[in-house]
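For reference, the structure discussed in these notes is given below.
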Amino acid sequence: MKKLFTTLSNIWKIQELKERILFTLLILLVYRFVSHVVLPGVDPTALGNNEKSGLLGLLDMFAGGSFSRVSILALGVMPYISASIVVQLLGIAVPSFQKMQKEGESGRKKMNQITRYLTVAITIVQSVGYVKTQVPAEAILLPNTLFLVLSTFVLTAGTLFVMWLGEKITDKGIGNGTSLIIMVGIIARLPVAISQEFSARVGSASEGGGPVALVLEIVALFAVVMFTILIVQGVRKVPVQYAKKIVGNRQFGGVRQYIPLKVNAAGVMPIIFAQALMFIPGALMQFVPSLQGSWLIQFSNTTSLAYSLTFAILIIAFTFFYTAITVNPTQMSDDMKKNGGFIPGIKPGFATSTFIDDVISKITFPGAVFLAIIAILPSLAVKFGIKQEFAHFFGGTSLLILVGVVLDTLQQIESYLLMRHYDGLMKTGRVTGRTGVPAASSNAAL
């Protein structure tokens with residue numbers, strides 16, 4: 001406890017870090033306040049119970065409940081994330097985008113500008129779909145055409161506002177602006193989830209189990225979080241030796257570094273892609289009523305065995321796919337060769353890229369299996385009698401985002417502490433973020 005208070009005191013002594021933390025908290029407070037502002041022309045009292053499930057429930061979680069509240073920030077940062085993914089994929093497949101990626105800072109600015117324009121286009125399309133399908137007709141107070149046009153402009157402006165808030169946190173706060181906004185939206189639902197679970201176990205609406213069951217659930221949640229941290233942090237360090245260079249009387253190079261190949265290089269994207277596909281059977285049954293009594297009904301129940309197995313298989317497949325398109329062994333081999341680096345015992349060039357590809361394939365499979373286990377844990381939690389709202393925090397996208405963002409934020413704070421010659425956040429070792437790079441050190445990265 002003394003160590004904690006000392007660390008907090010050290011954080012407060014660093015003026016720049018204190019200002020960045022306070023600025024970040026202020027921006028997040030503004031975001032949460034604005035997220036409760038309902039769209040113009042909507043009667044909030046007529047919305048009733050507008051809770052979402054499936055993929056829409058995931059979007060609602062990312063938006064901190066704004067999606068179901070019909071808020072002006074209903075779409076949140078998801079259009080921006082979608083645009084970023086599209087631009088990232090274009091950078092892999094399109095030569096002109098590959099060229100921009102290699103242009104350094106100027107190329108990055110061009111890519112960011114394209115991402116913003118694409119965000120506007122995606123938001124407009126999603127806004128129209130959102131107004132037509134997610135806003136109850138009885139809650140609309142304006143003529144339909146006027147409401148559609150007005151809401152499209154407001155929702156687009158809302159997404160751009162959230163994107164701007166995220167960029168401000170990244171520039172003037174403690175970094176990871178977009179991720180922090182998503183994390184705050186997820187955490188905002190935690191008090192309600194805990195309250196519901198408490199009522200179900202020991203409250204007036206108790207369904208059995210008592211305090212012992214609640215304590216066991218908390219312990220299980222702690223164990224799941226620890227397991228998730230292992231997956232997020234897990235890396236396979238590939239040693240890289242750099243050749244010695246003698247310039248005058250000085251020696252350059254000759255040091256050994258490591259390439260940190262992540263066990264889970266794909267992050268949360270495989271779960272998002274898989275959930276999007278698992279939403280298709282439900283959509284088909286809505287548009288084709290004759291299919292409602294078919295075998296597709298199994299995939300509308302997230303706790304069914306068929307749903308869980310299919311979901312897990314899709315996650316494993318998408319993990320390999322996304323890792324293959326985002327991690328380029330050939331590029332890594334070429335970069336090492338240009339900088340005079342080589343893997344001990346492996347010839348530079350094709351042999352190096354083959355070796356790296358083989359290592360990635362070997363560590364991706366256990367990473368994909370563990371990711372699938374984390375993804376289906378909420379369904380297993382529901383099977384054991386845990387409320388749906390609280391079960392979301394036992395795994396899936398929400399837990400992975402929470403763990404990853406918290407680790408990145410702690411890494412940023414520790415970097416400031418170490419640069420000012422204070423102790424880090426831990427007695428031993430260093431906090432590492434999702435990249436696996438220790439605070440105030442870049443030795444783990446190539």
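Along the sequence shown, residues carry numbers from 1.
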Side chain to side chain donor-acceptor pair (under 3.5 Å) contacts touching residues 304-324 (sequence neighbours left out) = Gln88-Tyr322
Are any side-chain N or O atoms of [X] and backbone N or O atoms of [Y], one a donor and one an acceptor, separated by less than 3.5 Å?
{"X": "Ser333", "Y": "Thr330", "answer": "no"}
{"X": "Thr123", "Y": "Thr119", "answer": "yes"}
{"X": "Thr159", "Y": "Val77", "answer": "no"}
{"X": "Lys262", "Y": "Val232", "answer": "yes"}

Of all the heavy-atom pairs spanning [X] and [Y], show the shortest one and how long it is.
{"X": "Gln412", "Y": "Ile174", "value": "CG-O, 3.4 Å"}
{"X": "Leu73", "Y": "Gly158", "value": "CD2-O, 3.4 Å"}
{"X": "His36", "Y": "Ser71", "value": "N-OG, 4.3 Å"}
{"X": "Ile315", "Y": "Pro270", "value": "O-CB, 3.7 Å"}
{"X": "Ser353", "Y": "Pro329", "value": "O-CB, 3.5 Å"}

Are Gln331 and Asp335 close enough that a side-chain donor and a side-chain acceptor fall under 3.5 Å?
-> yes
Over 60° means perpendicular and under 30° means parallel, so classify the ring planes of Phe390 and Phe393, tilted if in between.
-> tilted
Quiz: residues 218-229 side-chain donor-acceptor pairs under 3.5 angstrom, not counting sequence neighbours:
| from | atom 1 | to | atom 2 | distance (Å) |
| --- | --- | --- | --- | --- |
| Thr228 | OG1 | Val224 | O | 2.8 |

Would you call [X] and [Y] a side-chain contact if the rule is heavy atoms closer than 4.5 Å?
{"X": "Met183", "Y": "Val406", "value": "yes"}
{"X": "Val240", "Y": "Tyr258", "value": "no"}
{"X": "Phe342", "Y": "Lys337", "value": "no"}
{"X": "Leu28", "Y": "Leu165", "value": "no"}
{"X": "Val235", "Y": "Val263", "value": "no"}
{"X": "Met100", "Y": "Ile114", "value": "yes"}
{"X": "Leu29", "Y": "Leu25", "value": "no"}
{"X": "Ser127", "Y": "Leu75", "value": "yes"}

Kindly write out the residues that satisfy salt bridge (charged side-chain N to carboxylate O under 4.0 Å, His left out) with Lys362, not counting sequence neighbours, or none if the list is empty.
-> Asp358
Strictly under 6.0 Å, is that where the ring centroids of Phe67 and Tyr130 end up?
-> yes
Could you grab the distance from atom OG of Ser96 to atom NZ of Lys110, nearest 0.5 Å is fine?
-> 10.5 Å
Ile169 side, atom CD1; Thr178 side, atom OG1 - distance, nearest 0.5 Å | 8.5 Å
Can we say Glu167 and Lys172 salt-bridge, meaning some charged N sits less than 4.0 Å from an Asp/Glu carboxylate O?
-> no
Contacts of [X] that satisfy side-chain hydrogen bond (donor to acceptor under 3.5 Å, both in side chains) - sequence neighbours left out:
{"X": "Glu197", "value": "Arg201"}
{"X": "Lys109", "value": "none"}
{"X": "Arg108", "value": "Glu105"}

